[in-house]
Amino acid sequence: MRILLVEDETKVARFIKEGLAAEGYDVVTAADGDAGERKARAGDFDLIVLDILLPKRDGLSVLRNVRKLGIKTPVLILTARSATDDVVKGLDLGADDYLTKPFAFKELLARIRSLLRRERESQTTLKIADLRLNTLTRKAGRGGSSIELTAREFSLLEYLMRNPHKLITRQQLAQEIWGFTFDPGTNIIDVYINHLRKKIDRSFEKKLLHTERGKGYYLSDRKLTKAKD
Ligand code: CA
């Protein structure tokens, strides 16, 4: 997940960047409004964290221009505690959430996760590397070829694609896909995972569906060094 952080206070920016990097996010920073807007326009970001008080151009103006260009990336604005007007203006201009300074890093992380989750849930076209799944047409494909899935395989793949780069336990899958509130203690999940793996990975060099032995599975175009639950 790529995040653009537009923040002029060097210390704050570094603190946030390091914290988010430790959580596995890829963070690009910009220290003023002009640079922020330029990067927001050029880059392919999953989320923008945008300070309002910035040199050269304030965050509200950056937000206005970015939205005018049709860029729909979720934006979390950072405002001073007393700046209620900025919050209202920001939300009117299309910000998705706000946080007042000073804030605890945990709070920022929770907001970011929630925005990214909301964004993922609203998407009908899910993508990981060259694997695609359309939840409206219920079509799946990888590279140039289409993939035929059973209803259960579809649900399984959709769940994994909505929770990418994240370790999903067998219990989670049992509950989310089969509706079991307990570990069924059978190998039904492994069987389905194997079917799915054949369909999405077998003919491709880059493997996307990974197994963490004894723990669960995750869908990603890279190996997780430390799978997060
Ligand atoms: Ca500032």
Side-chain angles (χ1 to χ4, degrees), residues 1-4 24-26 40-48 66-67 69-75 94 96 112-181 183-184 186-213 215-224 227-229:
M1 290 276 139
R2 265 163 66 81
I3 297 179
L4 173 63
Y25 295 104
D26 186 4
R41 294 167 71 143
D44 182 15
F45 295 99
D46 299 293
L47 183 102
I48 300 171
V66 163
R67 287 293 185 249
L69 287 165
I71 298 170
K72 297 193 176 89
T73 312
V75 172
D96 298 89
I112 287 176
R113 282 191 181 136
S114 141
L115 281 176
L116 290 173
R117 188 165 53 237
R118 208 200 290 171
E119 178 68 10
R120 271 200 306 274
E121 281 165 6
S122 70
Q123 283 172 353
T124 52
T125 310
L126 306 172
K127 255 193 88 180
I128 298 223
D130 55 350
L131 175 67
R132 304 168 314 277
L133 186 74
N134 187 311
T135 59
L136 282 183
T137 62
R138 300 184 72 82
K139 284 200 159 61
R142 188 162 177 196
S145 43
S146 63
I147 299 170
E148 294 299 322
L149 298 171
T150 65
R152 193 73 89 181
E153 288 165 354
F154 183 91
S155 307
L156 184 58
L157 184 58
E158 179 180 1
Y159 186 77
L160 292 168
M161 289 187 86
R162 287 193 189 278
N163 297 278
H165 318 297
K166 206 168 117 180
L167 181 71
I168 310 291
T169 63
R170 296 171 78 252
Q171 287 89 330
Q172 264 171 289
L173 291 177
Q175 184 163 353
E176 296 289 338
I177 312 300
W178 281 268
F180 294 131
T181 52
D183 186 341
T186 69
N187 66 352
I188 184 168
I189 294 163
D190 307 86
V191 169
Y192 271 92
I193 288 280
N194 285 335
H195 284 315
L196 190 57
R197 177 175 281 135
K198 273 184 199 154
K199 292 187 176 182
I200 67 173
D201 275 345
R202 188 166 57 182
S203 329
F204 296 88
E205 196 180 331
K206 189 168 196 62
K207 307 302 177 199
L208 298 176
L209 183 51
H210 307 269
T211 300
E212 284 265 309
R213 200 167 285 279
K215 291 181 183 154
Y217 313 94
Y218 64 91
L219 196 67
S220 182
D221 52 1
R222 57 178 191 267
K223 274 268 179 198
L224 298 188
K228 291 199 183 333
D229 53 13

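Computation of the quantities below employed the complete heavy-atom set of this structure, encompassing side-chain atoms and omitting hydrogens, waters and symmetry-equivalent molecules.
Looking at every heavy atom in both residues, Gln172 comes nearest to Leu167 through OE1-O, 4.0 Å. A pairwise comparison of heavy atoms in Tyr159 and Ile177 identifies CB-CD1, 3.6 Å as the closest pair. Counting all heavy atoms, side chain and backbone alike, His210 lies closest to Arg197 at C-NH2, 3.7 Å.
The local environment of NZ in Lys215 is sparse, with at most 12 non-hydrogen atoms from other residues, nucleotides or ligands closer than 6.0 Å. Within 6.0 Å of NZ in Lys199 there are more than 12 heavy atoms belonging to other residues, nucleotides or ligands.
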Would Asp96 and Arg117 count as a salt bridge (charged side-chain N to carboxylate O under 4.0 Å, His left out) here? Give the steps.
CA-CA 12 Å; Asp96 298 89; Arg117 188 165 53 237; over 6 Å; no
When you look at Phe180 and Gln171, which way does the side-chain contact (heavy atoms from CB on, under 4.5 Å) test go after all the steps?
CA-CA 8 Å; Phe180 294 131; Gln171 287 89 330; over 6 Å; no
What verdict does the side-chain contact (heavy atoms from CB on, under 4.5 Å) test give for Leu196 and Leu149, after you've listed the backbone C-alpha separation in whole Å, the side-chain angles of each residue and the deciding distance to 0.1 Å?
CA-CA 8 Å; Leu196 190 57; Leu149 298 171; 3.8 Å; yes
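Side-chain N or O atoms of Asn134 include one that pairs as donor or acceptor with a backbone N or O of Thr137 at under 3.5 Å.
In this structure, NE2 in His165 is found 11.0 Å from OH in Tyr218, a value given to the nearest 0.5 Å. With rounding to the nearest 0.5 angstrom, the CD1 atom of Ile189 is 8.5 Å from the CG atom of Leu156. A distance of 11.0 Å separates CD1 in Ile48 from CZ in Arg2, rounded to the nearest 0.5 Å.
Ion pairing of Asp130 with Arg142 is present here, as a side-chain N (NZ or NE/NH1/NH2) and a carboxylate O approach within less than 4.0 Å.
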